Each structure stands twice: as C-alpha cells, then as structure tokens.
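Below you'll find the structure, written out as structure tokens, and then a few comments.
Only a predicted model underlies this, so the values are computations on that prediction, with no experimental measurement involved. All values below come from the heavy atoms of this structure, side chains included, with hydrogens, waters and symmetry mates left out. Positions are given from 1 along the sequence.
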Amino acid sequence: MRPTPAGTRRTPRLRAALLALLIAGAGTSLSGAPAQAAPRMDTSQFKGVNWADPRDNFADDPVVLSGLSLSDSYAQTYTKSSRVISAFRANLGANTVRLPINPYTVNGTYWKSYRAVIDAASAKGFKVILSYWEGTGPRKDGFIDDQATYWPMWNTVVKAYKNDRNVYFEPMNEPHGYTDTEWADLAAKWLDTYSSVPRNRVFVSGAGYNDHVTTVCADPRLKGTYLSLHHYGFWKEYATYDQWVADLKVRIGDCANRTVADEFGAHMTTGFDYNRPAPDNNFVNYMQAVTDTFRELKMGSVYWPGLRTGDTYSLQTLTGDPSRPWLATTNQSGADRLAWAWGRGKAVRP
C-alpha cells in the first residue's frame with residue numbers, strides 16, 4: 001500500500017530499451033510442456049489477507065514479515081508462521097495469504113528460512129500468493145529493478161513450488177512504470193517462460209498500480225490467468241457509497257469472473273465503525289461499498305494488510321510471546337465487513 005492517484009502514472013524512462021533487455025534476458029526457462037487449459041475461474045475461493053514487512057515490502061534487502069526475524073532458522077520461522085496463519089483463520093476466517101518476494105530474499109541465504117512461511121501456510125491448507133516487490137528509493141519506480149536477478153529469482157521459486165497446488169505466482173506488484181501494452185508483454189513473457197505452471201495458478205496484475213484490469217483481461221495471451229486489482233479509499237478525498245461502487249466497477253469492467261482484489265483496505269486502528277452507515281466519512285463509504293461489491297460480484301479479496309506492524313490499516317496485531325505469537329483483531333467491524341465480502345456475516349446495519 002502506498003499513496004497513489006486513481007489513474008495510472010507513467011514513469012519517464014527508456015521503456016522500449018528496458019523492455020527489450022527484459023525480453024531478451026529472461027534467463028533459464030522452466031517451460032517444459034505447455035500446461036493444460038485451466039478450468040472455469042472461481043475467484044470467490046480466495047478469502048485472504050496480506051502479511052507484510054513493516055517497510056511496506058519495498059526493500060533493497062530481504063523482506064522480513066512482521067513478527068519474524070532475519071536471524072530465525074527454518075524451524076523458528078515455521079513455528080511462528082504456523083501460529084500467525086492459524087490466527088488469520090481463527091480470527092478472520094481467512095484461507096489465503098499474500099506474501100512478498102524479491103531477489104534479495106530468494107537469491108540469498110534467507111531463502112532457506114523464508115520458505116518456512118510458504119511451507120507452513122500451505123501445510124495449513126492456505127492458498128499462498130507470492131508477489132514480486134521492487135526496491136525502495138530510486139528503485140521504487142514501477143519497473144523490475146534488475147532483470148539479471150529477477151528471472152533467476154522466479155526460476156528458484158517456480159522450481160520449488162510449481163508442484164504445490166496451494167501456491168500461486170504474481171509476476172509483479174503494481175507495475176506502474178510500464179504502459180499497459182508493455183506490462184502485458186512482460187506478463188506474456190512470464191507465462192511463456194514458465195509454461196509448465198498452470199495458468200490458473202498465475203495472478204496477472206492490473207496495469208498501473210494494479211488499478212484497472214480491463215486491458216490485461218482483453219489480451220488473449222493472458223487467457224486463463226487470474227487478474228489482481230488494487231483499490232484504496234485514499235485515492236479520493238471524499239466519495240459517496242454509490243460513487244465508490246461505480247469507481248470500483250469501471251476498473252473491473254466485465255472481468256469480475258477472473259479478478260481478485262488482492263489489495264484493498266482502510267483505517268482499522270482509528271475507531272471507525274464500518275458496520276453502520278456514516279455518509280460523511282469517506283473511508284466508511286469506501287469500505288462498505290467495496291465489500292458489498294465483492295460479495296455481489298462473487299469476487300475473491302485479499303485485505304491489505306492482515307498484519308503489518310505500525311500500519312493503521314492492519315486488521316491484526318501481534319500478541320503474546322514473540323517466539324510463539326498470536327494475533328488480536330484491531331477493529332471487529334472491519335473484520336465483519338471482510339466476512340461479508342467473503343459470503344458470510346451480516347449486512348451493514350441502518
């Protein structure tokens with residue numbers, strides 16, 4: 001999550017040259033035999049949360065999820081992760097977790113420990129979405145930072161998890177440096193490179209800040225993949241409930257049957273009551289509108305963040321012994337709206 005406008009920005013750069021390098025230097029292919037056609041898409045199966053590094057996942061070193069430590073062994077990471085995943089299920093009814101990766105995490109020594117997060121979640125029956133995050137500072141520009149490390153990262157991740165049906169792959173988070181066409185070209189290259197991965201285990205990000213899926217949805221090269229959408233209330237200073245519904249639906253177009261909102265969120269530690277109408281409160285309007293719409297369209301959704309230390313949007317907070325953590329809910333009304341989006345619970349009370 002980061003402050004971004006509703007529309008797609010373009011970052012000045014020699015895009016064509018970079019894209020050519022990316023396509024030419026994709027690294028070792030793990031393609032193998034083409035995957036079979038994907039079955040009918042069902043996005044409503046994804047009921048989840050993001051688990052994030054306190055730095056918002058943008059890092060020029062390994063990503064370390066809230067509650068974990070770079071010095072933790074595989075066994076320590078597995079124990080902590082198992083408890084956090086169990087708490088996501090117990091407190092929220094979640095069955096999906098979205099996790100960041102970057103080359104520093106995968107290509108270095110921390111990968112052995114970080115794999116414990118993925119393994120623990122999968123062992124609990126959770127669906128795991130692995131998404132590439134770019135770096136910070138000047139690298140935080142919406143482009144893949146370095147194709148020479150990006151493709152080896154994915155080679156390692158795909159080799160490790162292509163046979164685990166609980167693991168899904170998202171080639172890049174918020175690719176806003178690229179034009180819509182450039183991003184679709186890169187996504188198609190990812191699919192060609194890893195054609196042994198079933199398409200229904202790939203999340204193609206919407207263009208821009210993942211803020212619209214209409215162009216990737218229309219590209220026949222990306223057929224059979226899920227599409228990921230991001231949508232945030234801070235994109236507008238104020239909008240009514242109906243305006244938020246309209247804003248969301250235009251970004252989805254007629255692609256709801258393939259789309260998962262794998263980032264959306266609002267303030268959870270400030271005392272807002274999302275169970276009752278508050279027409280003057282932009283964030284209440286937003287949260288009620290998007291969760292109603294996800295339910296109406298039978299769309300999957302993955303809240304940002306389920307857990308991120310220091311984030312007012314965080315729906316969970318760490319409690320107990322740091323070596324055996326548990327979670328507490330920061331805003332029950334926010335959890336109620338999440339349950340409603342996922343097909344359970346009660347409508348907003350008048």
Does any N or O in the side chain of Arg89 come within less than 3.5 Å of the main-chain N or O of Lys124, such that one atom is a donor and the other an acceptor? yes

Is there a donor-acceptor contact under 3.5 Å from the side chain of Thr156 to the main chain of Pro152? yes

Ring centres under 6.0 Å, that's the criterion: do Phe203 and Phe46 meet it? yes

Is the count of non-hydrogen atoms from other residues, nucleotides or ligands lying under 6.0 Å from Arg324 atom CZ greater than 12? no

Tyr232 vs His230 aromatic rings, parallel, tilted or perpendicular, using cut-offs 30° and 60°? perpendicular

Check: Tyr74 ring centre within less than 6.0 Å of Tyr114 ring centre: no

When you measure from the side chain of Ser44 to the backbone N and O of Gly300, does any donor-acceptor pair fall under 3.5 Å? no

Keeping Asn50 on the side-chain end and Ala52 on the backbone end, is there a donor-acceptor pair under 3.5 Å? no

Does any N or O in the side chain of Arg98 come within less than 3.5 Å of the main-chain N or O of Tyr303, such that one atom is a donor and the other an acceptor? no

Is it true that a side-chain atom of Thr312 and a backbone atom of Thr269 form a donor plus acceptor pair closer than 3.5 Å? no

Between Phe264 and His231, ring centroids under 6.0 Å: no

Donor-acceptor contact present, side-chain Asp72 to main-chain Ser69, <3.5 Å: yes

Without hydrogens or angle criteria, can the side chains of Trp51 and Ser66 be said to hold a donor-acceptor pair below 3.5 Å? no

Do the ring planes of His267 and Tyr313 sit parallel (below 30°), tilted (30 to 60°) or perpendicular (above 60°)? perpendicular

Please test Asn285 against Thr240 for side chain to side chain donor-acceptor pair (under 3.5 Å), starting from the C-alpha separation and ending with a verdict. CA-CA 6 Å; Asn285 291 340; Thr240 65; over 6 Å; no

Should the pair Trp190 and Phe169 be assigned to parallel (<30°), tilted (30 to 60°) or perpendicular (>60°) ring geometry? tilted

